[in-house]
Each structure stands twice: as structure tokens, then as C-alpha cells.
Amino acid sequence: MRRVIRMPDEDRCRRSTEEFKKMCGLPQIIAAVDGSHIPILPPEEGRKDFMNRKNYGSIILQGTVDHNIKFIHVSVKFPGSCHDAFAFKNSSLFLRHDELIPESNFQLNNVNIPYIIVGDPAYPLLPWLMKDFYGLNLPADKDQFNKFLNKARVTVEIAFGRLKGRWRILLKRSDIIYTFMPQVVAACCTLHNFVEDENDEFQVDWIPTPRELEDFPEPPRYQSHERDSLDGTTIRNTLLTYLIQTFNSSN
């Protein structure tokens with residue numbers, strides 16, 4: 001796992017930013033993060049802690065994925081009742097981000113833009129973690145920004161689909177003891193990277209169908225209630241301005 005799931009160095013970050021920019025037009029993105037619930041047989045003692053909002057026992061896989069749809073960081077520590085933001089704030093990705101993510105001197109309009117990971121509204125807005133503008137009837141420019149940002153974020157959704165498509169033990173409830181399931185999940189993520197490195201073909205019919213997912217659907221996602229970081233807001237607005245200027249100049 002330590003050999004095949006690792007955060008990128010400076011060179012890999014630069015390559016990732018180039019590939020993500022081709023996808024979504026935004027600079028400095030190196031990865032996307034999301035959470036997925038893995039069904040388990042919960043213990044009798046503490047059962048409530050493992051019951052998620054869809055009322056089945058689970059543990060949370062937090063995965064961070066690069067442009068190659070490979071995991072660069074995984075965290076499998078928390079029971080299904082936890083909010084994704086809680087799992088994130090207590091993961092080494094958050095607690096050690098200054099060690100794990102290389103520094104960058106890239107600037108736009110005199111604003112330093114660090115290497116960025118993209119998340120959904122369940123995550124806090126930070127200088128190095130971007131998410132959508134949230135709300136009804138957003139202005140056209142912010143709505144467009146969200147669409148472009150989500151072109152990068154879809155990489156982690158694809159990775160989860162391939163992960164569960166190949167290793168279907170993660171798709172249905174396993175009777176393996178819940179204390180060992182994190183190791184099973186981490187092993188599957190490691191194998192995912194290995195076969196992606198080897199360019200192993202993924203069959204389209206392996207993608208989980210709605211019927212296969214209906215017994216254990218993903219619980220609903222909720223917006224983070226944390227106040228947006230001031231620096232994160234400045235960086236997101238700077239990226240918004242950059243996108244508008246780039247879009248206008250191309251037309």
C-alpha cells in the first residue's frame with residue numbers, strides 16, 4: 001500500500017495540474033476527494049454508530065484520486081454515522097496536508113494559488129480544497145464554474161465505480177468482522193492502483209447497476225456547515241475570474 005498509494009511529489013503535481021487543466025480549464029488541481037460508504041455487518045455493541053442515513057451499517061472510505069483515476073490517499077477509519085466533513089477533518093490528509101502536498105508559487109492576479117484538491121459541498125472550503133458555489137439560482141458565471149470544477153471531481157466517482165466493479169466485496173454487505181474491514185478496503189484500493197498501473201482492461205458491464213446498488217445506496221450528501229475559509233474564498237473567486245476571462249477570450 002505504501003508503495004502504490006502515495007501523495008504526489010513536485011513533478012507528479014505538475015503533471016497532474018496539466019492533465020486536470022485539459023479536463024476542466026482550471027489550473028493547480030492535483031486530485032479530487034470524496035467519501036463512499038462500504039456496507040458491513042455492524043457489531044451489536046455500538047451498532048448505532050455504524051448506521052448511516054440510509055439505515056444500514058457501513059464504514060466510510062475517503063478516497064483522494066489523481067487524473068489517472070488512481071488513489072493517492074485513502075482513509076478508512078470512521079463508522080457510517082459520521083459526516084464526511086468529520087472524517088476529512090480527522091484524516092491525515094487534513095492533519096498533515098502541509099507535509100503531504102508540495103508548496104507552489106503559482107500566482108493569478110497577484111494571488112498565490114496552492115496545489116488544489118477538489119471536493120463536493122460536504123467538505124469545507126480551504127485554500128487547498130476547492131468546492132462548488134452553493135445555493136439556488138446561482139449567477140451564470142458561478143454555475144459555469146461549478147460545471148467546470150465538477151469535470152475534475154468526476155475522477156473520484158469513476159475510481160469508486162471501478163473499485164466496486166472489480167472488487168464486489170465492497171458492493172454488498174460483508175460478514176467479515178468489522179474491525180478487519182478497513183484492511184480489506186485498503187487492500188482493494190491498493191489492488192485498484194496496481195491493475196490501473198498495468199492498464200488492465202475494465203469491462204463496462206462491471207459497473208454496478210442501479211439494481212445492485214439499491215440494497216445499499218449511498219447516503220445523501222449534505223453541505224458542510226463550517227464557515228468558508230477567507231483565503232479559500234479569495235482563491236475560489238480568483239479562479240472564477242480566471243475562468244471568466246479565459247472563457248471570454250476563447251470566444
Side-chain angles (χ1 to χ4, degrees), residues 1-2 4-5 31-65 69-94 119-123 153-196 198 200-224:
M1 179 177 175
R2 292 189 182 95
V4 301
I5 299 179
V33 64
D34 204 354
S36 183
H37 285 253
I38 308 299
I40 64 162
L41 180 64
E44 288 301 319
E45 185 175 350
R47 178 183 178 86
K48 185 178 178 181
D49 292 337
F50 290 87
M51 303 304 289
N52 60 45
R53 293 181 180 88
K54 282 294 182 179
N55 202 35
Y56 66 87
S58 66
I59 54 175
I60 299 171
L61 163 62
Q62 178 184 285
T64 309
V65 172
I69 317 176
K70 293 191 292 188
F71 293 101
I72 60 172
H73 187 276
V74 296
S75 176
V76 200
K77 298 193 298 183
F78 294 101
S81 66
C82 293
H83 192 285
D84 283 349
F86 176 86
F88 170 72
K89 281 293 194 72
N90 288 277
S91 70
S92 61
L93 179 65
F94 174 81
D120 70 11
Y123 294 97
R153 194 171 63 81
V154 74
T155 53
V156 69
E157 296 175 2
I158 294 171
F160 284 150
R162 290 193 176 198
L163 177 73
K164 293 184 177 183
R166 283 191 173 109
W167 289 279
R168 305 182 87 79
I169 190 174
L170 307 181
L171 192 58
K172 298 293 184 181
R173 191 190 76 182
S174 170
D175 290 342
I176 293 173
I177 187 169
Y178 73 100
T179 54
F180 189 63
M181 275 304 293
Q183 287 95 315
V184 173
V185 176
C188 291
C189 292
T190 302
L191 290 169
H192 166 90
N193 276 18
F194 178 78
V195 296
E196 290 292 336
E198 296 297 317
D200 186 68
E201 184 180 1
F202 182 83
Q203 303 291 334
V204 175
D205 58 3
W206 292 350
I207 297 173
T209 65
R211 176 169 289 184
E212 289 176 308
L213 295 171
E214 67 184 7
D215 290 337
F216 300 102
E218 285 288 337
R221 310 281 290 176
Y222 293 108
Q223 182 190 18
S224 171

- Message: So, taking the atom named NZ in Lys164 and the one named NZ in Lys172, what distance separates them when rounded to the nearest 0.5 Å?
- Response: 11.0 Å
- Query: Within the side chain of Arg166, is there an N or O that forms a donor-acceptor pair under 3.5 Å with the backbone of Leu163?
  - Reply: no
- Taking side chain as C-beta onward, heavy atoms only, is Leu41 less than 4.5 Å from Tyr178? no
- Task: Report the relative orientation of the aromatic rings in Phe160 and Phe71; use parallel for angles under 30°, tilted for 30 to 60°, perpendicular for over 60°.
- Result: tilted
- Measure the shortest side-chain to side-chain distance between Lys77 and Pro182 over non-hydrogen atoms and say whether it is less than 4.5 angstrom. no
- All heavy atoms of Phe88 vs all of Gln62, minimum pair found to be CA-OE1, 3.0 Å
- Message: As a quick check of understanding, evaluate side-chain contact (heavy atoms from CB on, under 4.5 Å) for Leu170 and Val185, giving each step before the final call.
- Response: CA-CA 7 Å; Leu170 307 181; Val185 176; 3.9 Å; yes
- For Lys54 against Pro219, the heavy-atom pair lying closest together: CG-CA, 3.7 Å
- Query: Taking only residues two or more places apart in sequence, or in another chain, which ones meet Thr64 in a side chain to side chain donor-acceptor pair (under 3.5 Å)?
  - Reply: none
- Message: Ignoring hydrogens, what is the shortest heavy-atom contact between Gly161 and Pro208? Give both atom names and the distance.
- Response: O-CD, 3.8 Å
- Note on the structure: For Ile60 and Cys82, the nearest pair of non-hydrogen atoms, with its separation, is CD1-O, 3.3 Å
- Query: Any sub-3.5 Å donor-acceptor pair from Asn52's side-chain atoms to Ser58's backbone N or O?
  - Reply: no
- Query: Quick one: does Met51's side chain get under 4.5 Å of Pro42's, heavy atoms only?
  - Reply: yes
- Query: Is there side-chain contact between Val33 and Val156, with at least one heavy-atom pair below 4.5 Å?
  - Reply: no
- Show your reasoning for whether side-chain contact (heavy atoms from CB on, under 4.5 Å) applies to Cys189 and Val76. CA-CA 11 Å; Cys189 292; Val76 200; 5.9 Å; no
- Test side-chain contact (heavy atoms from CB on, under 4.5 Å) applied to Arg162 and Lys70, step by step: CA-CA 10 Å; Arg162 290 193 176 198; Lys70 293 191 292 188; over 6 Å; no
- Task: Report the C-alpha distance between Ile38 and Phe216 in whole Å, list the side-chain angles of each, state the deciding distance to 0.1 Å, and finish with yes or no for side-chain contact (heavy atoms from CB on, under 4.5 Å).
- Result: CA-CA 9 Å; Ile38 308 299; Phe216 300 102; over 6 Å; no
- Task: Please say whether more than 12 non-hydrogen atoms of neighbouring residues, nucleotides or ligands are located less than 6.0 Å from CD in Gln203.
- Result: yes
- Item | Sequence-distant partners of Thr209, side chain to side chain donor-acceptor pair (under 3.5 Å), two or more places apart | Glu212
- Message: Can you give me the closest heavy-atom contact between Phe202 and Ile207, atom names plus distance?
- Response: CE2-CG1, 3.6 Å
- Side-chain touch Ile169/Cys188, heavy atoms, less than 4.5 angstrom: yes
- Query: So which heavy atom on Ile40 is nearest to which on Met181, and how close?
  - Reply: CG2-CG, 3.9 Å
- Query: What's the spacing between His37 NE2 and Ser81 OG if we round to 0.5 Å?
  - Reply: 9.0 Å
